[in-house]
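Chain letters run A, B, ... following the sequence lines, proteins first, then strands; residues in each count from 1.
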There are 2 protein chains.
Amino acid sequence: MKALLILLLAFLAVAGNVYAQQHASSFKVIPLGVKGGLDEGNLSAYMLAVEGTEQYVCLDAGTVYDGIQKAVDNGLFKQPAIAVLKNSIKGYLISHPHLDHVAGLIMNSPADTAKNIYGTTATINALQKHYFSWESWANFGDAGEKPMLKKYHYVTLGPQVSTALGNTGMSVKAFTLSHSTPYESTAFLINSSENYLLYLGDTGADTVEHSTNLNVLWQAVSPLIKAGQLKAIFIEVSFDNEQPEKLLFGHLTPRLLMSEMSRLAGLCAVENLQKVPVVITHVKPSERGDALIRQELQNENNLRLKLVFPKQAELLQF
Amino acid sequence: MKALLILLLAFLAVAGNVYAQQHASSFKVIPLGVKGGLDEGNLSAYMLAVEGTEQYVCLDAGTVYDGIQKAVDNGLFKQPAIAVLKNSIKGYLISHPHLDHVAGLIMNSPADTAKNIYGTTATINALQKHYFSWESWANFGDAGEKPMLKKYHYVTLGPQVSTALGNTGMSVKAFTLSHSTPYESTAFLINSSENYLLYLGDTGADTVEHSTNLNVLWQAVSPLIKAGQLKAIFIEVSFDNEQPEKLLFGHLTPRLLMSEMSRLAGLCAVENLQKVPVVITHVKPSERGDALIRQELQNENNLRLKLVFPKQAELLQF
């Protein structure tokens, strides 16, 4: 009986190990802010690193310090918040220049260390023109209005060109998104060895935006989904289904998200898409209540996707 | 004996009433954010109303929603945060266009109601050019880039001209401040019947800025201090005394504040200035610790001023 028990424990240990290896996470994400408006201390920003490393990039930067401080309070970092800001974030990827995606980067710049800011030409031009412009903030960049303090080096991302993310073991490809035509936003496809993670900035649906941008993106990532290499999709749902189409301002609703996911499932097969966690970002606080969006997403989840609702300063692993 | 007790109680009641009338507060202030950087959920913004009313102006607007939510949590408002934003704030006074003084206003604009934004020509121009500019945010103003959504009406404040603050029973005079020459900031002298409150945006010391702006302001308010009509001074101390002069960027230290207060005391007599609460704003979080600034202020308070250290969402009455 005792021998049987030992054998059983040994089997469980081996099986557990095999399971852990098969399901070892590739990326870790610490959301510094998850909301799409109003709450200044909780706006879009996601620290992303290869699992087992402490070299993060920050995907958008709406809220930085406040999120780091809460992550420190939650035990995710052992250093003080300012040290995490300085040492653990190696660069910023900015999807578009709306204030709720850049405010934390701008306002933390005096305390920050030298690092790269990655974005499309349009994003980097707007950062120089509107934020690091002396009238609104000291110019901590290495381009734009003089004098330039040159703490941040701008790295322009060409469309769908792979660019190394310095000191992180990751690289990125940028895809254009429509965010209330003619304004654009960006999706970042992050790569580390055989693993990928997709982060979309604000985006409207192709049908509403009269665009093919999401279709192009779905075509590009569907082979990765089929191959089991895409570990997560971060995508926005800003408004509930009651929001009139003409007041969407380049954003998605639960219905529009599910319609886009159906198109993606059509390219990669639904059983493959079901394995990819879909992380819902940028929910806008509203008088109808944030919970409504979550409810609508669950009601309309006929594809049985793995929906994830991120929380500020709570670790995600993919 | 019983008659004596009743007489004593009656005397105390009358005396208490007289004291309350003499010391009845004129203004109430709810700090929505008190810090001078980093912490995105706690940046300069102060709701101000005449005591007994609920018609506030917001002095600067670094953090708005997050501060209102905390004030609701503290029982200062009975309505939900969005309703307070919409109904209780009747206008915004912006001292200068640096992001940590306007981020809350910009980001809350989609949920806000129609109201006035008050500022100098330089401030209003920068709001139009850099924030409500479509590239960085939808234009909710009634001037600047087209299309204009016209939720906010800009009211330009001429130097030292009295301007009514609509629907609040208050008026304002603006005074120019130096904030790292050539950049300017503004002091607001708020008036309601015989009572005044002075709020300074970011400012350097006249000696460091090679300016006479603070001298002009002290000359203007010293008669009000002598007359007991100035109920409070809100003034910044961003850095501790160790900060090198060339890295002050148009801000004050405890030593520089006390030097300016000595000049003011010279104009109005120190015993009059001692009656005016001096509210310390815009302390920048630093690795040396925010407590250091407080300690230095207390150490250098030879004038024995009534220093007040505001806390987010905690009511002040003057």
Considering only heavy atoms and a distance below 4.5 Å, find which of B:Ser286, B:Ala111, B:Ser133 pairs most often with chain A.
-> B:Ser133
Which region of B:Tyr131, side chain (C-beta onward) or backbone (N, CA, C, O), has a non-hydrogen atom less than 4.5 Å from a non-hydrogen atom of chain A, or is it both or neither?
-> side chain
Pairwise side-chain contact, B:Asp100 with A:Ile106, heavy-atom cut-off 4.5 Å (strictly under) = no
Region of A:Lys86 in contact with chain B, defined by heavy-atom distances below 4.5 Å = side chain
Closest-packed option against chain B by number of heavy-atom pairs under 4.5 Å, given A:Asp39, A:Leu43, A:Leu99 = A:Leu99
Reported CD1-to-CG distance for the pair A:Ile82 and B:Leu38, which is rounded to 0.5 angstrom = 5.0 Å
B:Val64 versus A:Glu40, closest heavy-atom pair with distance = N-OE2, 2.6 Å
Run through B:His130, B:Lys129, B:His96 and flag the one making a side chain to side chain contact (heavy atoms under 4.5 Å, CB included) with A:Ser136.
-> B:His130
Closest non-hydrogen atoms of A:Trp134 and B:His98, given as atom of the first, atom of the second and distance, are O-NE2, 3.6 Å
